[in-house]
Amino acid sequence: MSNVEDLDKLDHRSPVVELVETKAHTSGAEWLTRYSTSLMGVFGTPQRVLVRGAGCLVWDADGKEYLDLLGGIAVNALGHAHPFVTSVISSQLATLGHVSNFFTSPTQIALAEKLLALTHAPAGSKVFFTNSGTEANEAAFKLARRNGASPDGTSGKRTKIIALEGAFHGRTMGALALTAKEAYRVPFEPLPGGVVHIPFGDVAALEAAIDETVAAVFLEPIQGEAGVRPLPPGYLKAAREATTKAGALLILDEVQTGIGRTGKWLATEDAGIVPDAITLAKGLGGGFPIGALLTFGERTSSLLSAGQHGTTFGGNPVATAAALATLHAIESQRVLENVALVGDYLRTGLAAVGGVTEVRGEGLLIGFDLDADVAPAVVTAGLDAGFIVNSPGPHTIRLAPPLILTKDQAGTFLAALPALLQTAKDAQ
Ligand SMILES: *Cc1c(COP(=O)(O)O)cnc(C)c1O
């Protein structure tokens with residue numbers, strides 16, 4: 001359960017903050033001045049300087065409290081400073097922290113087995129661990145390049161990879177090639193070649209695009225960065241049929257939707273298909289960085305052979321222990337039931353708010369549209385009122401809170417939303 005009632009038992013300031021502070025207290029504004037002179041500007045100006053968290057709450061450098069309805073963008077599955085995850089990470093670090101991939105460790109093996117079991121992976125399935133979502137997709141991109149390639153190492157006739165308009169798969173060069181948004185891609189061209197983007201959710205366009213030159217199709221079950229847009233019913237089944245017929249891999253990017261986010265372990269659990277590969281990251285480590293590529297079945301799992309891919313940190317004992325702890329806590333505390341319950345409550349409540357024109361998503365991955373282009377102003381009004389939300393588009397708000405969010409906490413946001421919308425519209 002969430003430990004939001006036990007705040008007094010936590011240290012209010014991190015030892016690291018004390019270590020770097022020269023005065024008794026540094027304000028948020030002072031931290032941001034230092035930020036802007038020392039950190040690269042790719043993220044713009046951060047909205048707040050956060051110093052501690054507990055459950056679904058976080059506090060900034062000026063002592064202001066926020067209900068975190070974004071969860072580090074679908075990362076903090078169990079909220080902040082979850083006592084069990086924290087203690088498992090600390091004791092693993094105090095036992096064995098890093099070993100290199102010349103060696104393995106029990107936590108790495110146990111996590112691979114656990115993920116294959118949770119995803120009902122067929123016999124012969126395998127796992128490759130990474131540190132992030134983009135690296136998991138990078139590994140999947142390399143896997144796709146080996147589909148249809150000859151054993152002597154030369155690549156084959158399958159030169160194309162299909163992704164969807166609106167897709168977001170990450171920021172490194174391979175994952176960026178799969179990502180659709182021009183503003184992200186164009187400044188970095190030439191990107192790894194052969195990626196074709198086809199219209200979102202259009203089965204006829206998919207069937208027309210797939211032939212024997214296609215190595216793989218990459219799909220997000222729900223496009224998160226594009227504003228929480230679910231694939232239409234039947235699309236995944238059609239994609240499975242078309243890829244199987246052409247010998248192309250079907251690769252599902254569940255980096256944002258996986259690990260309980262939708263109330264199920266995988267968003268695609270009930271879709272009635274078996275993919276060739278799945279990528280995971282965000283929620284997997286409960287806030288600790290870790291990603292994974294799961295390859296389904298013997299044939300796909302043997303596409304990358306010894307020496308063809310690697311990583312220094314991926315799958316290290318601490319990250320894999322964090323993920324094991326996260327999965328254990330989700331299971332033993334029946335968190336998925338909470339996700340379904342609070343998700344339904346939020347969606348029903350949001351649909352009843354004036355000015356909300358559409359509500360999308362599943363479980364605790366929610367997108368809702370507004371009747372005016374005021375989403376960034378709603379984010380600002382939310383911060384001032386003590387709520388962290390996100391605007392993936394000019395009229396779209398995204399919520400991806402910790403999976404332990406309570407109905408009462410969700411209710412405080414529903415009650416506050418009409419005033420936030422009014423404040424945002426007044427600011428226009
Ligand atoms: C966030 C995200 C990624 C990239 O993950 P990083 O850990 O930021 O590299 C890839 N795919 C999807 C669907 C995502 O939401």
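Residues: numbered from 1 along the sequence shown. Computed from a predicted model, the values in this text were never measured in an experiment.
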Within the supplied structure, the quantity of interest is the number of heavy atoms (other residues, nucleotides, ligands) at a distance under 6.0 Å from Lys64 NZ; does it exceed 12?
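More than 12 heavy atoms, drawn from other residues, nucleotides or ligands, come within 6.0 Å of this atom.
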For Gln47, I'd like to know if atom CD has over 12 heavy atoms of other residues, nucleotides or ligands within 6.0 Å.
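No, not enclosed.
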In a check of side-chain hydrogen bond (donor to acceptor under 3.5 Å, both in side chains) between Gln256 and each of Gln223, Arg398, Glu220, Arg261, which one passes?
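Between Gln256 and the candidates, side-chain hydrogen bond (donor to acceptor under 3.5 Å, both in side chains) is satisfied uniquely by Arg398.
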Can you list everything that forms a side chain to side chain donor-acceptor pair (under 3.5 Å) with Glu182? Sequence neighbours excluded, please.
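Glu182: no side chain to side chain donor-acceptor pair (under 3.5 Å) contacts found.
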Student check: side-chain heavy atoms of [X] and [Y] closer than 4.5 Å:
| X | Y | value |
| --- | --- | --- |
| Leu249 | Leu303 | yes |
| Pro46 | Leu32 | yes |
| Leu266 | Leu280 | yes |
| Arg48 | Tyr66 | yes |
| Leu231 | Leu164 | yes |
| Val335 | Leu78 | yes |
| Ile251 | Phe141 | no |
| Leu115 | Leu327 | yes |

I need the minimum non-hydrogen distance between [X] and [Y], along with the two atoms involved.
| X | Y | value |
| --- | --- | --- |
| Leu350 | Leu414 | N-CD2, 3.6 Å |
| Thr295 | Thr300 | CB-CG2, 4.1 Å |
| Val217 | Val214 | CG2-CG1, 4.4 Å |
| Ala144 | Ala215 | O-CB, 3.3 Å |
| Ala121 | Phe296 | CB-CE1, 3.6 Å |
| Val339 | Gly260 | CG1-O, 3.6 Å |

Under-4.0 Å salt bridge between [X] and [Y]:
| X | Y | answer |
| --- | --- | --- |
| Lys282 | Glu254 | no |
| Arg158 | Asp211 | no |
| Asp369 | Arg360 | yes |

Could you give me the CA-CA distance, side-chain angles and deciding distance for Arg229 and Ile222, then say whether side chain to side chain contact (heavy atoms under 4.5 Å, CB included) is met?
CA-CA 5 Å; Arg229 287 201 295 166; Ile222 302 173; 5.7 Å; no
Under 3.5 Å donor-acceptor, [X] side chain and [Y] backbone:
| X | Y | result |
| --- | --- | --- |
| Thr326 | Gly286 | yes |
| Arg347 | Val359 | no |
| Thr134 | Arg171 | yes |
| Thr380 | Pro376 | yes |
| Glu241 | Ala238 | no |
| Gln108 | Gly315 | yes |
| Asn338 | Leu405 | yes |
| Ser391 | Ile397 | no |
| Ser125 | Gly297 | yes |
| Ser27 | Glu30 | yes |

Should the pair Lys237 and Tyr235 be classed as cation-pi, given the thresholds of under 6.0 Å to the six-membered ring centre and 45° from the axis?
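Here Lys237 fails the 6.0 Å and 45° test against Tyr235.
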Should Arg299 and Ser302 be marked as a side-chain hydrogen bond (donor to acceptor under 3.5 Å, both in side chains) after you check the CA-CA gap, both sets of side-chain angles, and the distance that decides it?
CA-CA 5 Å; Arg299 187 185 153 267; Ser302 56; over 6 Å; no
Walk me through whether Asp68 and Asn76 qualify under side-chain hydrogen bond (donor to acceptor under 3.5 Å, both in side chains).
CA-CA 10 Å; Asp68 185 0; Asn76 299 103; over 6 Å; no
In terms of relative ring orientation, are His169 and Phe218 parallel, tilted or perpendicular, with 30° and 60° separating the classes?
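Ring orientation, 0 to 90° scale: perpendicular.
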Measure up the Phe168 and Tyr184 rings against each other and bin them: parallel (under 30°), tilted (30 to 60°), perpendicular (over 60°).
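Phe168 vs Tyr184 ring planes: perpendicular.
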Mind running side chain to side chain contact (heavy atoms under 4.5 Å, CB included) on Phe129 and Val127 for me, showing each step along the way?
CA-CA 6 Å; Phe129 287 117; Val127 179; 3.7 Å; yes
Under the side chain to side chain contact (heavy atoms under 4.5 Å, CB included) rule, what do Val85 and Phe288 come out as? Steps first, then yes or no, please.
CA-CA 9 Å; Val85 177; Phe288 203 89; over 6 Å; no
Mind running salt bridge (charged side-chain N to carboxylate O under 4.0 Å, His left out) on Glu212 and Lys245 for me, showing each step along the way?
CA-CA 9 Å; Glu212 309 219 321; Lys245 211 168 119 206; over 6 Å; no
Does any pair with a residue in residues 88-112 pass ring-ring contact (aromatic ring centres under 6.0 Å, His included), and if so which ones, sequence neighbours excluded?
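Only His98-Phe313 qualify under ring-ring contact (aromatic ring centres under 6.0 Å, His included).
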Any side-chain donor paired with an acceptor under 3.5 Å for Ser305 and Gln308?
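Result is yes, a qualifying pair exists.
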Is it true that the side chains of Arg34 and Ser38 contain a donor and an acceptor less than 3.5 Å apart?
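Ser38 and Arg34 do not have a side-chain donor-acceptor pair below 3.5 Å.
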If you measure from CG on Leu417 to OG1 on Thr412, what distance do you get to the nearest 0.5 Å?
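Spacing of CG (Leu417) from OG1 (Thr412) equals 11.0 Å.
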Please report the interatomic distance CD(Glu135) to CG(Asn137), rounded to the nearest 0.5 Å.
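Going from CD on Glu135 over to CG on Asn137, the span is 10.5 Å.
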Decide side chain to side chain contact (heavy atoms under 4.5 Å, CB included) for Glu337 and Leu341; before the verdict, give the C-alpha distance in whole Å, the side-chain angles of both, and the deciding distance to 0.1 Å.
CA-CA 6 Å; Glu337 288 168 38; Leu341 184 89; over 6 Å; no
